[in-house]
Each structure stands twice: as structure tokens, then as C-alpha cells.
Amino acid sequence: MDNIIETPESNYGQLTIAEATLIQEKLRAQVNLSPMEGEIKTIAGADISLDLNSEIVYAGMVVLSYPDLNPISYSLVQTTNIFPYVPGYLAFREIPALLKVYEQFPVKPDCIMFDGNGILHKRRLGIATHFGVLTDTVTLGCAKKKLAGNYADPGETKGEYTLVTDKGDTIGFALRSKINVKPVFISPGHRMSLRDSMDIAMKCLRKHRLPEPTRRAHEFVNKFRTGELKEGYHKLEQWSLF
DNA sequence: GCGACAG
DNA sequence: ATCTTGTCGC
């Protein structure tokens, strides 16, 4: 039973929703939302890309300098998908591949931003939180749509935000990341506070709706799927025009 | 039964 | 998630 939790890459594909729920409830007790310690010098964005009708998963992470936000390295891994997409269980679909992606980094990033939620989740265990607890890393989530909770629409100015609450708990923020766009949903994953997640997300905003880490991860992973980038760990030169 | 529903 | 055409704005 416990080995299911220890080896997600080999067992998540066989899980039932009931078993997955038990794992989330067990991991929940290990989540750390205390203020982040230490300075962030690098932040990674994580994402996956899929083919239309294929089992292939193209997963990747891009490490950016912080607060400059320039890509300095990236890791790409191709795997076969096993777990289906079920709202609330995204982690079981993407984490096996992302663990392999993470393992390829000779030097780990100080923080990782996921394309999905942290504690902004019915059981407070979105993909960012799940990955953080599993690997004991500092993580946060940035989703493009609301998964759980309630919120009021934030003001139209870039940087305005409102709280997302659920059953009396504040579980994240609806952030207007750019003028005239729908808000994105920010929440801490692991080893950082709600305030930390907002501070970091805000500092990662540039000209686009999505913060640079996840925007870059999405970009790189798509280039990987279309063949423009190759699998493996790659270090970018400082003068690279990325 | 009717909505809600990360990617 | 992915597929698509046009359109608006910097």
C-alpha cells in the first residue's frame, strides 16, 4: 500500500480514483505553508504537451534566472501517458513524467511554478502541492481556470487580485495578470505561504497573461512536441536570444 | 436532475 | 490538453 506512494512513476497508472483520493489525503498532512526561507535566484516553469490522438506525453521544465526571468536551462522527457485526465487528479497524469524531467537537472531550481494549482484544490492537493511534498521542493501553482472555491472578479488593472476561499479557508488568489484578460489563479504549493505565492507570481509577470515560468515551459514543451527541441538536459548560453 | 469541472 | 480563422492592439 505504502509503496504506491513511494513509486508514482510505476504505479500511478494503475490507480483508481478512490486510491488516488486516499493518497491525496495522506500527502495533505505533509504540506508546509510557512513563509519561504532563503532567497530565490532561479525559478522553473513546468508543463506538458500532448498529441491529438496519441499516448505520448512531452514533459518539460525551463529554469529562469530570478528576478531577471531569462531562460538558463531546460529539461525535456518523452513518456507514455497512462492516467486519464480527471478534474482534481491532474497530478497523477503529469507528475510521473515531471519527476523524470526534474531528475535530469544537475542543479535544481530554487522554486517551481506549475501549470495548475497548489492548495487551490478541493482537498488542498493540486499538482504543485503534490509535487512539492513528493520531492520536498518549493512550489506554487498558476492555473488558467478556477478549479475550486469562490471569488469576486478582481479589478481591471494589471496586478489587482481577490481572494479565493473555500469553506472558510483562503486557498489562493484570482490575479489580473494583464489588462483586458481573464484572471489567473495563484496558490502556494509547498514550503511557501499564500503571501509568498502572490509575491512571486507578481514578480514573474511581463507582457503576457501567463507568468514567465509557465509561459516559457509551455513554449518549450510545444517546440519539443513539434521536433524543434530534443529530449534531455540542455544548458542555454547567457547570451542566448531566448 | 442540474451545474462545476486545473490540463 | 489540442485543432482553427480572423481580428484587435502594442
Side-chain angles (χ1 to χ4, degrees), chain A residues 8 12-13 15 17 20-21 23-24 27-28 31 45-61 76-99 101 112-132 139-151 153 156-158 164-167 171-175 177-190 197 201 205-211 213-228:
Chain A
Y12 277 1
L15 293 179
I17 294 300
T21 303
I23 289 176
Q24 292 181 330
L27 291 177
R28 180 175 183 173
V31 181
D47 194 17
I48 69 165
S49 182
L50 306 167
D51 268 324
L52 213 48
N53 33 41
S54 157
E55 305 289 288
I56 304 176
V57 175
Y58 301 87
M61 284 177 56
L76 302 170
V77 172
Q78 185 183 118
T79 65
T80 294
N81 185 48
I82 34 190
F83 200 87
Y85 168 65
V86 180
Y89 301 87
L90 177 66
F92 296 92
R93 179 175 175 78
E94 304 195 350
I95 278 187
L98 289 176
L99 283 175
V101 166
I112 308 171
M113 179 183 285
F114 289 78
D115 194 350
N117 297 293
I119 63 170
L120 204 168
H121 181 280
K122 188 177 181 184
R123 287 172 295 284
R124 312 291 183 262
L125 219 97
I127 185 170
T129 303
H130 193 136
F131 187 98
T139 65
L140 74 160
C142 175
K144 298 181 290 298
K145 297 176 185 173
K146 189 200 77 170
L147 172 65
N150 301 293
Y151 73 101
D153 206 40
E156 291 301 325
T157 303
K158 176 179 181 178
V164 177
T165 60
D166 183 41
K167 299 171 183 173
I171 58 177
F173 308 94
L175 168 67
S177 53
K178 178 184 181 216
I179 190 171
N180 289 336
V181 299
K182 302 181 69 173
V184 292
F185 299 85
I186 307 299
S187 62
H190 186 52
S197 69
L205 296 183
R206 285 293 183 267
K207 295 181 172 183
H208 307 269
R209 180 192 177 217
L210 295 184
T214 48
R215 189 182 73 80
R216 289 297 200 171
H218 191 265
E219 172 190 338
F220 276 57
V221 114
N222 269 312
K223 287 186 175 180
F224 178 31
R225 177 171 58 81
T226 58
E228 190 173 335

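Atoms considered below: every heavy atom in the structure, side chains included; atoms not considered: hydrogens, waters and symmetry mates. Proteins come first, then strands; the chains are lettered A, B, ... in the order of their sequence lines, and each starts at number 1.
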Can you measure [X] atom [atom1] to [N] atom [atom2] for me and round it to whole angstrom units?
| X | N | atom1 | atom2 | result |
| --- | --- | --- | --- | --- |
| A/Leu90 | B/dG7 | CG | P | 8 Å |
| A/Leu120 | B/dG7 | CG | P | 11 Å |
| A/Lys146 | B/dG7 | NZ | C1' | 17 Å |
| A/His121 | B/dG7 | NE2 | P | 13 Å |
| A/Gln24 | B/dA6 | CD | P | 14 Å |
| A/His130 | B/dG7 | NE2 | P | 18 Å |
| A/Phe92 | B/dA6 | CZ | C1' | 14 Å |

Close N or O pairs between protein and nucleotides 1-3 of chain C (under 3.5 Å):
| from | atom 1 | to | atom 2 | distance (Å) |
| --- | --- | --- | --- | --- |
| C/dA1 | OP2 | A/Lys144 | NZ | 2.7 |
| C/dT2 | OP1 | A/Ser49 | OG | 2.8 |
| C/dT2 | OP1 | A/Asn222 | OD1 | 3.2 |

Margin query: Please verify the inter-ring angle class for A/His130 with A/Phe92; under 30° counts as parallel, over 60° as perpendicular, anything in between as tilted.
Written below: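 Because their plane-to-plane angle is over 60°, the rings of A/His130 and A/Phe92 count as perpendicular.
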
Next item on the list: Determine yes or no for a side-chain-to-main-chain donor-acceptor pair under 3.5 angstrom, with A/Gln24 supplying the side chain and A/Gly88 the backbone.
Entry: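 Checked: pair present.
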
Checklist line | Salt bridge flag under 4.0 Å for residues A/Lys144 and A/Asp115 | finding: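 Salt bridge present between A/Lys144 and A/Asp115.
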
Does [X] reach the side chain of [Y], with side-chain heavy atoms less than 4.5 Å apart?
| X | Y | value |
| --- | --- | --- |
| A/Thr21 | A/Arg123 | yes |
| A/His121 | A/Leu147 | yes |
| A/Val57 | A/Arg93 | no |

Across the strands shown, which category fits [X] at heavy-atom distances under 4.0 angstrom: base, sugar-phosphate, nothing?
| X | result |
| --- | --- |
| A/Ile127 | base |
| A/Gly88 | base |
| A/Lys207 | nothing |
| A/Tyr89 | base |

Notebook entry, point to check: Is the centre of the A/Phe83 ring less than 6.0 Å from the centre of the A/Tyr89 ring?
Noted result: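 Here the rings of A/Tyr89 and A/Phe83 have centres that are no less than 6.0 Å from each other.
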
Pick out the pairs of N or O atoms, protein on one side and nucleotides 6-10 of chain C on the other, that lie under 3.5 Å.
none

Item checked: Minimum heavy-atom distance between A/Pro96 and A/Tyr12, given as atom pair plus value ->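 What the structure gives for the nearest pair is CG-CD2, 3.8 Å.
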
Check: Does a side chain donor of either A/Asn222 or A/Ser49 reach within less than 3.5 Å of an acceptor in the other side chain?
Finding: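 There is such a pair (donor and acceptor under 3.5 Å, judged by atom type) between the side chains of A/Asn222 and A/Ser49.
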
